[in-house]
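First up is the structure itself, then whatever we jot down about it.
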Number of protein chains: 2
Amino acid sequence: MKQQVTVYDIAEEAQVSVATVSRVLNGSAPVSRTTRAKIEAIMHKHQFQPNAVARSLTKKETGIIGVILPDITNPFFPEVFSGIEQEGLASGHTFFLCNTLGDYGKESHFLNLMREKRVDGILFMGGRVNLRVCDPALARELAEHARSIPLVLLNGDVKDAGLTRVATDEASGTTLAVRHLIGLGHTRIGFLGGARHMSTTAVKVRAFRRTMKEAGLAVRDAWTIPGGFSADAGREQMNRLLSLRDLPTAVCCVNDFTAIGAIKTAAEQGLNVPADMSVVGFDDILLARHVIPELTTVSQQAGELGRTAVRVLRELMGGAAARKLTPLEPRLIVRQSTAAPGGQGD
Amino acid sequence: MKQQVTVYDIAEEAQVSVATVSRVLNGSAPVSRTTRAKIEAIMHKHQFQPNAVARSLTKKETGIIGVILPDITNPFFPEVFSGIEQEGLASGHTFFLCNTLGDYGKESHFLNLMREKRVDGILFMGGRVNLRVCDPALARELAEHARSIPLVLLNGDVKDAGLTRVATDEASGTTLAVRHLIGLGHTRIGFLGGARHMSTTAVKVRAFRRTMKEAGLAVRDAWTIPGGFSADAGREQMNRLLSLRDLPTAVCCVNDFTAIGAIKTAAEQGLNVPADMSVVGFDDILLARHVIPELTTVSQQAGELGRTAVRVLRELMGGAAARKLTPLEPRLIVRQSTAAPGGQGD
DNA sequence: ATGAAAGCGCTAACAC
DNA sequence: GTGTTAGCGCTTTCAT
């Protein structure tokens, strides 16, 4: 680990002051053609890399955006992150990524860590912010952080915290899915996956019920089965559903992972999807169009969500007061996992 | 954005010197019970967060590990990252994540960025390090970086750069897959996906050919179809394969994404996998056991790869000379996408 | 156009 | 056990 060269070394060798070196480094003030050339040559010769830590200390900005999300292993999040990175790179930002794995303790820990590290802004998704009834203490903590660091919430909400948010309209997305099923002729529809205490699930379930009722259809509690967001959870939920004596002809799933698990189990039990059971997912993960059958789903436009969030965060970091809520419209993507009940028509 | 409080503020209010404050902050020297208590109370009262940037500047360490990978959107990488984070968190490290999207220019850019940011170490995967014939200039650049910052390469190699590596034995993994197919009775086997100029593909193809020859089987060039690593690539490759008049009864795919795409196309063309065509993947991504049919594949133990890499990097950062190559043994995971040719047996 | 010097917030000798 | 002080490497007035 050889010693790094500093502005002083450059200054000395070029016989100028560090201020001048700093000036050519930042173009912050005019420097004569000749000295500039000399300094640049020396920098290049030593492969000089200015120390960003020192720079951050004086400028009071790090160029780092902290990203907190539940689980990068769930395909939806990498797509969001990808959008974030794409947009953030354009403004020279860099990313500090943390997975909370749904652990609230970790959320607090990372939030503090980010303050210590003096990130310029925070993008926060999942976990606590998705609690339907958010512990006031936690809400306060988040609001507190937001007061000292620009923070935007992605797809979540915290009552009364007054946070800036960017969110897909999950209710309207769910409505899209349910109407599609109803349009196909289904009248017996269930809802799989999620966790009742998370607002994201609550929003979807509520929209599901409302849409069913508007169409004059009955909502059966036994067909609304929570239990998580993973593919394994989807398998188990479908298993429970299939153990009932009376079955729906279609199900909405809380996300694509769950839908894929549900389809898997349905197939194992001898059902044909979509002929015997239509399944619709949510998210439109990359693999959704490659599974068999291809998944009908609601696109959250994950990449766009990430890009938009960065744009909003940038306004905040710039000192502007961004709109409190920037909504994103989801889109229904019809593929092969849904069809008319009983396999009639297509 | 209210003003952050500093050690000076704390010191003043507690009527002690900053050194003492620093001492209780780090436990770096004894402090009397009473003053410690007083200081701690004041810190707590102001919710004091020491400025990590300032600390990094003096200590000459940031606690940040830079992670450079091709594409977080490819499910293999989130799993590796997950392992990295899990292991790194234990030692208080934090992560700076960059996606290169296979762009060599970006690789260089990020490498420089990480030096500027003074990360404590770098974990590097993909892209340039997977060039079969690596441009000497690029290799030199990497070696150069490795000289000033601890760096470990994950699943790749750069000729003569003398880099520290942690890598799955992709050759032995491929051999496992091919032998499995041969054991099932296949004699006509193809290889799908990858890019000829990447060492990871070259290693797999070479192992594929060797294993076939050892078993006395012919390798047909027309059945070795490169073209990328995505699911779409897999679809296209299978399409090309199926356009041939003479077909293999099984294919090895460069990764699970490709395998899933290949299966998809095979199914669309009316083939039954595995009855008409066996398909084996590589990586064992999370979804591999949830697709239909469940994917037979070679597990790279992505999480373990990440964890191991961090352990090795930690040795390097600690000044120790780590083993040049830490190999990881892949495992064959037999599921449903492979069977005896012609659907006989199972 | 260029230099001198004062910080940024913290740690670590070194003294007492 | 505690205080003084000199950095860490850079940016930024303020002079010149």
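Excluded from the calculations below are hydrogen atoms, water molecules and symmetry mates; all remaining heavy atoms, backbone and side chain alike, are included. So that the names make sense, note that chain A is the first sequence line, chain B the second, and so on, each numbered from 1.
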Distance in angstrom units between [X] [atom1] and [N] [atom2], rounded:
| X | N | atom1 | atom2 | value |
| --- | --- | --- | --- | --- |
| A/Asp9 | D/dC10 | CG | C1' | 13 Å |
| B/Tyr8 | C/dT11 | OH | C1' | 10 Å |
| B/Lys38 | D/dT2 | NZ | C1' | 12 Å |
| A/Arg118 | D/dC10 | CZ | P | 21 Å |
| A/Glu12 | C/dG3 | CD | C1' | 16 Å |
| B/Leu57 | D/dT11 | CG | C1' | 13 Å |
| B/Arg36 | D/dG1 | CZ | P | 10 Å |
| A/Lys59 | D/dC8 | NZ | P | 22 Å |

Heavy-atom side-chain proximity of B/Phe95 to B/Leu89 below 4.5 angstrom: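 When only atoms from C-beta onward are counted, B/Leu89 and B/Phe95 do touch, with a gap below 4.5 Å.
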Side chain to side chain, B/Val166 and B/Arg311, heavy atoms closer than 4.5 Å: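 Side chain of B/Val166 against side chain of B/Arg311, heavy atoms only: no contact under 4.5 Å found.
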Identified side chain to side chain contact (heavy atoms under 4.5 Å, CB included) partner of A/Leu154 from the options A/Thr308, A/Leu123, A/Leu69: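 Of A/Thr308, A/Leu123, A/Leu69, side chain to side chain contact (heavy atoms under 4.5 Å, CB included) with A/Leu154 is met by A/Leu123 alone.
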Starting the side chain at C-beta, find the nucleotide from [options] nearest to [X].
| X | options | result |
| --- | --- | --- |
| B/Asn26 | D/dG1, C/dC10, C/dT11 | C/dT11 |
| B/Arg55 | C/dC10, C/dG7, D/dT5 | C/dC10 |
| A/Thr58 | C/dA4, C/dC8, C/dC10 | C/dC8 |

Residue whose nearest DNA chain D nucleotide is more 5′ - B/Arg23 or A/Leu25: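 Nearest-nucleotide comparison on DNA chain D picks B/Arg23.
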Residue closer to the 5' end of DNA chain D, A/Ala52 versus B/Arg33 (nearest nucleotide):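 The residue mapped nearer the 5' terminus is B/Arg33.
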Look at all strands and tell whether [X] reaches a base, only sugar-phosphate, or nothing, counting heavy atoms closer than 4.0 Å.
| X | value |
| --- | --- |
| A/Glu61 | nothing |
| B/Thr35 | sugar-phosphate |
| B/Thr6 | sugar-phosphate |
| A/Val16 | sugar-phosphate |
| A/Ser56 | nothing |

Would you say [X] places a side-chain N or O within less than 4.0 Å of OP1 or OP2 belonging to [N]?
| X | N | value |
| --- | --- | --- |
| A/Asn51 | D/dC8 | no |
| B/Ser22 | C/dT11 | yes |
| B/Ser32 | D/dT2 | yes |
| B/Ser17 | D/dG3 | yes |

Minimal non-hydrogen separation, B/Ser17 against B/Ala11, with atom names: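 Shortest heavy-atom contact: C-CB, 3.8 Å.
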A/Lys60 vs A/Thr20, nearer the 5' end of DNA chain C by closest nucleotide: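 Closer to the 5' end of DNA chain C: A/Thr20.
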From CA spacing to verdict: side-chain hydrogen bond (donor to acceptor under 3.5 Å, both in side chains), B/Arg314, B/Ser91: CA-CA 9 Å; B/Arg314 214 146 44 195; B/Ser91 46; 2.7 Å; yes
SB check B/Glu13 B/Lys38 (cutoff 4.0 Å):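 Not counted as a salt bridge, because no side-chain N and carboxylate O are separated by less than 4.0 Å.
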